[in-house]
Amino acid sequence: PEEGMVFLDANEDGLVMMEAADGTYAVMDSTKDWAAVPFTPNWSCKLLGDGLFISQPSYGADPILHDRTGASIATLTGAGHWDVLRAGLAPCLDESARLYGFVNTKGEWVIAPQYIEVKSFRDGYAAVKQEGGWGVIDTTGKLVIPCSYPQLRHRGGPYFYSSGVGASDGICLTADGSAV
């Protein structure tokens, strides 16, 4: 590694996260002549297994899933934060279809891109939006609450809240779609 680099983190796959004197970050592959990929300070990266890592080029930017050479595998979504990989799945935009789905830690589609918008998984569920509105899927991609609600917020565990047009039009739902 370059002189002046400070060790920050490493994983069992030989990836090492370093910080340079100028405050920029790099992920280096200790197994391949220390190949380096530069990053912006403070929102640098997260090392994963299998020689993969997630980077975030700047605050609020979409995180990117990389292989050990630094090549981009997928641009993830998730409110501009790299901690989008929950339940082993991350929301991802299929650039050609302009639809969202979910990829695993290797960047492979697990839940096909078929949604206009998605939220990250939490407690095993993710809110998804199709033409008819918002709904909820589980980690297998099974639609557990139909995409028919104008808004849908996760309230923890299997509980969701959909607010209607008026102040008293809200409804609480469980992940099986029943009203509470």
Side-chain angles (χ1 to χ4, degrees), residues 8-9 11-12 17 25 39-50 52-66 73-95 97-180:
L8 295 176
D9 194 11
N11 69 13
E12 66 280 351
M17 187 167 65
Y25 290 82
F39 293 99
T40 304
N42 301 321
W43 290 89
S44 59
C45 70
K46 180 177 183 176
L47 301 178
L48 305 173
D50 297 324
L52 302 171
F53 60 96
I54 296 175
S55 76
Q56 190 169 7
S58 63
Y59 178 80
D62 283 334
I64 301 167
L65 180 64
H66 299 272
I73 296 173
T75 299
L76 309 176
T77 58
H81 193 275
W82 55 257
D83 193 20
V84 297
L85 199 60
R86 297 185 183 147
L89 301 171
C92 189
L93 174 65
D94 178 336
E95 296 286 344
R98 302 298 306 158
L99 293 172
Y100 294 89
F102 292 84
V103 296
N104 62 17
T105 59
K106 296 180 181 181
E108 302 164 332
W109 290 106
V110 174
I111 299 172
Q114 56 191 301
Y115 303 105
I116 298 168
E117 193 174 340
V118 297
K119 303 292 182 187
S120 295
F121 274 95
R122 192 170 135 214
D123 299 325
Y125 301 99
V128 296
K129 185 177 183 183
Q130 290 182 319
E131 291 294 331
W134 284 93
V136 174
I137 60 172
D138 64 17
T139 57
T140 69
K142 178 183 174 193
L143 193 62
V144 295
I145 296 177
C147 293
S148 59
Y149 295 92
Q151 296 178 2
L152 203 55
R153 292 191 191 126
H154 192 185
R155 291 300 199 202
Y159 301 103
F160 297 85
Y161 179 75
S162 178
S163 57
V165 177
S168 63
D169 292 342
I171 184 171
C172 288
L173 303 163
T174 61
D176 66 2
S178 60
V180 177

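Computation of the quantities below employed the complete heavy-atom set of this structure, encompassing side-chain atoms and omitting hydrogens, waters and symmetry-equivalent molecules. If you read the sequence from its start, that first residue is 1, and numbering goes on from there.
- With rounding to the nearest 0.5 Å, the separation of CD1 in I111 from SG in C92 is 12.0 Å.
- Shown here is E108, whose CD atom has more than 12 heavy atoms of other residues, nucleotides or ligands within 6.0 Å.
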Would you tabulate the side-chain donor-acceptor contacts of residues 136-145 under 3.5 Å, counting partners in other chains and residues two or more places apart, or write 'none'?
from: D138; atom 1: OD1; to: T140; atom 2: N; distance (Å): 3.0
from: D138; atom 1: OD1; to: T140; atom 2: OG1; distance (Å): 2.6
from: D138; atom 1: OD1; to: G141; atom 2: N; distance (Å): 3.2
from: D138; atom 1: OD1; to: K142; atom 2: N; distance (Å): 3.0
from: T140; atom 1: OG1; to: K142; atom 2: N; distance (Å): 3.4

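- Contact record, L93 with R98: CD2-NH1, 3.3 Å, taken as the closest heavy-atom pair.
- Of all heavy-atom pairs spanning S162 and L152, the tightest one is CB-CD1, 3.8 Å.
- Interatomic distance, OG of S148 versus CD of Q130, reported as 10.5 Å (0.5 Å rounding).
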| task | Run the numbers on C147 and V128 for side-chain contact (heavy atoms from CB on, under 4.5 Å), then give the verdict. | result | CA-CA 7 Å; C147 293; V128 296; 3.9 Å; yes

| request: Would you sort out whether F102 and V118 count as a side-chain contact (heavy atoms from CB on, under 4.5 Å), showing the intermediate values? | output: CA-CA 9 Å; F102 292 84; V118 297; 3.9 Å; yes

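- Note that OH of Y159 and OG1 of T174 are 7.0 Å apart. Values are rounded to the nearest 0.5 Å.
- Applying the salt bridge (charged side-chain N to carboxylate O under 4.0 Å, His left out) test to K129 and every residue at least two apart in sequence or in another chain returns nothing.
- What you find for R122 and H154 is that their closest heavy atoms are O-CE1, 2.9 Å.
- Here E131 contributes atom CD and Y115 contributes atom OH; the two are 13.5 Å apart, rounded to the nearest 0.5 Å.
- Annotation: the span from F121 atom CZ to L89 atom CG amounts to 5.5 Å, rounded to 0.5 Å.
- In terms of heavy atoms, W109 sits closest to V103 at CE3-CG1, 3.8 Å.
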| task | Test W134 against F160 for side-chain contact (heavy atoms from CB on, under 4.5 Å), laying out the working first. | result | CA-CA 11 Å; W134 284 93; F160 297 85; over 6 Å; no

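- P158 approaches Y125 most closely through the heavy-atom pair CA-CE1, 4.0 Å.
- Within the 4.5 Å cutoff, no side-chain heavy atoms of L65 are placed close to those of F53.
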